[in-house]
Amino acid sequence: MVGCVVRHGETSGRIVETEAYHDSEPACHAFVGLTPRTRVLFGPPGIAYVYRSYGIHALLNAVTEREGTGAAVLIRALEPIDGIDLMRERRGLDHIEDLCSGPGKLTQALGIGLDLNGTPLDGPIEILPAAPGERPRTVAGTRIGITKAVELEWRFCDVDSRCVSQPRLASPV
DNA sequence: GCCAGGATCGTCT
DNA sequence: GACGATCCTGGCG
C-alpha cells in the first residue's frame with residue numbers, strides 16, 4: 001500500500017508508512033476474537049477501521065482480508081498532497097514534514113474521526129492506487145508502540161520520504 | 001537533541 | 001480499575 005493515496009474531502013496524501021495486523025498474532029485487536037469493537041475487522045475488505053488510541057487520537061486502518069479473517073493495515077504516515085493549508089490549520093503547524101508523520105497526526109490533518117469507522121474506502125475516505133510505474137523503495141522493520149508480537153517485522157516505510165514517523169528505519173543501501 | 005510525564009476514554013477484567 | 005497500534009510540552013544539555 002506504500003505509494004497509494006488517501007483522500008478525505010479536500011485533503012489527500014501519499015502513503016509512506018504502514019503496519020500490518022492479523023488475528024493470528026496478539027498485537028492485533030482482532031486477536032481476542034469477534035466483539036462489538038472488532039466487528040469491522042472481521043468484515044469484508046476495503047472498509048475503514050477507525051478507533052480511538054490513548055483516549056485521544058483516531059487511528060485509520062484499511063481492512064484487508066476476506067470476511068471472517070480479522071486483519072488490517074494501519075496507515076502510519078503520509079506525504080501531504082492536496083489541502084496542505086487546511087492541514088496546517090487543523091494541526092496548528094507550518095512544517096510539511098510534521099503534518100502527517102504519525103498515525104494520530106494524519107487523521108487530525110485529514111479530519112478523519114471515529115464516525116467514519118465502518119465506511120467503505122471508496123466512500124468519504126478513499127484509497128487510490130499508486131501512480132502508474134511508481135515503485136517506492138521500501139524497508140521493513142518492527143512495529144511501533146506495541147508490547148506483544150514485538151519481533152514481527154510488519155512495519156513498512158518508504159526509505160526516500162522525509163514524512164515517516166520516528167524512529168526512522170535505516171536505508172537498505 | 002533526548003527523555004519524562006500528562007492528557008483522556010473505550011474496551012475488557 | 002487497568003491499559004493502550006499516540007502526541008505534545010517542558011526540562012535539561
Side-chain angles (χ1 to χ4, degrees), chain A residues 1-2 4 6 8 11 13-43 45-65 69-80 84 86-119 121 125 127 138-158 161-171:
Chain A
M1 284 178 59
V2 173
C4 295
V6 180
H8 180 236
T11 53
R14 180 177 166 278
I15 299 174
V16 293
E17 179 178 345
T18 62
E19 280 176 5
Y21 289 88
H22 191 274
D23 62 25
S24 58
E25 46 89 11
C28 183
H29 291 171
F31 184 71
V32 298
L34 185 59
T35 67
R37 184 198 197 190
T38 60
R39 190 188 78 252
V40 172
L41 282 171
F42 283 99
I47 305 288
Y49 170 53
V50 185
Y51 75 96
R52 185 177 297 287
S53 174
Y54 291 92
I56 298 179
H57 305 285
L59 267 57
L60 171 65
N61 301 247
V63 177
T64 47
E65 296 287 325
T69 299
V73 169
L74 169 67
I75 315 293
R76 284 193 58 86
L78 304 176
E79 225 165 63
I84 293 180
L86 183 52
M87 292 185 189
R88 287 193 170 115
E89 211 173 288
R90 286 171 173 157
R91 296 268 301 122
L93 292 171
D94 271 354
H95 220 230
I96 300 237
E97 289 86 13
D98 299 332
L99 293 177
C100 299
S101 58
K105 300 179 185 181
L106 71 92
T107 53
Q108 189 191 2
L110 301 216
I112 293 172
L114 302 180
D115 51 310
L116 293 170
N117 185 35
T119 60
L121 289 171
I125 305 172
I127 296 190
T138 60
V139 262
T142 54
R143 297 174 293 181
I144 307 297
I146 55 170
T147 56
K148 302 163 203 159
V150 180
E151 70 285 356
L152 293 178
E153 299 200 331
W154 285 6
R155 178 189 182 207
F156 305 94
C157 294
D158 181 336
S161 176
R162 273 170 305 203
C163 298
V164 301
S165 69
Q166 296 291 337
R168 285 286 276 284
L169 290 173
S171 157

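Every chain is numbered from 1, with letters handed out A, B, ... down the list of sequences.
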Engineer: Is there a donor-acceptor pair closer than 3.5 Å between any side-chain N or O of A:R88 and the backbone N or O of A:G92?
Structural biologist: no
Engineer: Return whichever of A:T147 or A:K105 has its heavy-atom-nearest nucleotide of DNA chain C closer to the 5' end.
Structural biologist: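 First, find each residue's nearest nucleotide; the 5'-ward one identifies A:T147.
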Engineer: How many whole angstroms separate atom NE2 of A:H22 from atom P of C:dA5?
Structural biologist: 18 Å
Engineer: Go ahead and name the base partner of B:dT8; Watson-Crick or wobble counts if both distances stay under 3.5 Å, otherwise write none.
Structural biologist: none
Engineer: Return yes if some donor-acceptor pair links the side-chain N/O of A:T107 with the main-chain N/O of A:A58 below 3.5 Å, else return no.
Structural biologist: yes
Engineer: Please state whether the phosphate of C:dC7, meaning OP1 or OP2, lies under 4.0 angstrom from any side-chain nitrogen or oxygen of A:R91.
Structural biologist: no
Engineer: Roughly, in whole Å, what's the span from CZ in A:R76 to C1' in C:dC7?
Structural biologist: 12 Å
Engineer: Tell me if a side-chain donor or acceptor on A:E17 pairs with a main-chain N or O of A:R155 at a distance below 3.5 Å.
Structural biologist: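 Checked: no pair found.
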Engineer: Which value, rounded to the nearest 0.5 Å, describes the distance between A:Y49 atom OH and A:R39 atom CZ?
Structural biologist: 10.5 Å
Engineer: Rounding to a whole Å, what distance do you find between A:Y54:OH and C:dT9:C1'?
Structural biologist: 18 Å
Engineer: Pick base, sugar-phosphate or nothing for A:L74, based on heavy-atom distances below 4.0 Å to the nucleic acid.
Structural biologist: base
Engineer: Relative to the 5' end of DNA chain C, which residue comes earlier, A:Q108 or A:K148, by the nucleotide with the nearest heavy atom?
Structural biologist: A:K148
Engineer: Once you apply the 3.5 Å cut-off to both distances, tell me the Watson-Crick or G-U wobble partner of C:dA5, or none.
Structural biologist: none
Engineer: Nearest-Å distance, CZ (A:F31) to P (C:dG4)?
Structural biologist: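 Taking atom P of C:dG4 as the reference, CZ of A:F31 is at 14 Å.
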Engineer: In terms of the nearest nucleotide of DNA chain B, which residue is placed more toward the 5' end: A:H57 or A:L114?
Structural biologist: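 Of the two residues, A:H57 wins.
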Engineer: Any chance you could lay out the side-chain hydrogen bond (donor to acceptor under 3.5 Å, both in side chains) test for A:R90 and A:Q108, step after step, and finish with the verdict?
Structural biologist: CA-CA 7 Å; A:R90 286 171 173 157; A:Q108 189 191 2; over 6 Å; no
Engineer: Taking any atom under 4.0 angstrom from a heavy atom of chain A, which nucleotides of DNA chain B are the first and last to qualify, 5' to 3'?
Structural biologist: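 Listing 5' to 3', DNA chain B meets chain A from B:dA7 to B:dC12.
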Engineer: Taking A:T38 for the side chain and A:G33 for the main chain, is one N or O donor matched with an acceptor at less than 3.5 Å?
Structural biologist: yes
Engineer: Return the value, rounded to whole Å, for the distance between atom CD1 of A:I56 and atom C1' of C:dC8.
Structural biologist: 9 Å
Engineer: Rounded to whole angstroms, how far apart are CG on A:D98 and C1' on C:dC8?
Structural biologist: 12 Å
Engineer: Return whichever of A:R52 or A:P36 has its heavy-atom-nearest nucleotide of DNA chain B closer to the 5' end.
Structural biologist: A:R52
Engineer: Are the side chain of A:E79 and the backbone of A:V16 linked by a donor-acceptor contact shorter than 3.5 Å?
Structural biologist: no
Engineer: In whole Å, what is the span from the CD atom of A:E17 to the P atom of C:dT6?
Structural biologist: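 From A:E17 CD to C:dT6 P: 10 Å.
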Engineer: Send over the distance from A:L59 CG to C:dA5 P, rounded to a whole Å.
Structural biologist: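 That distance rounds to 9 Å.
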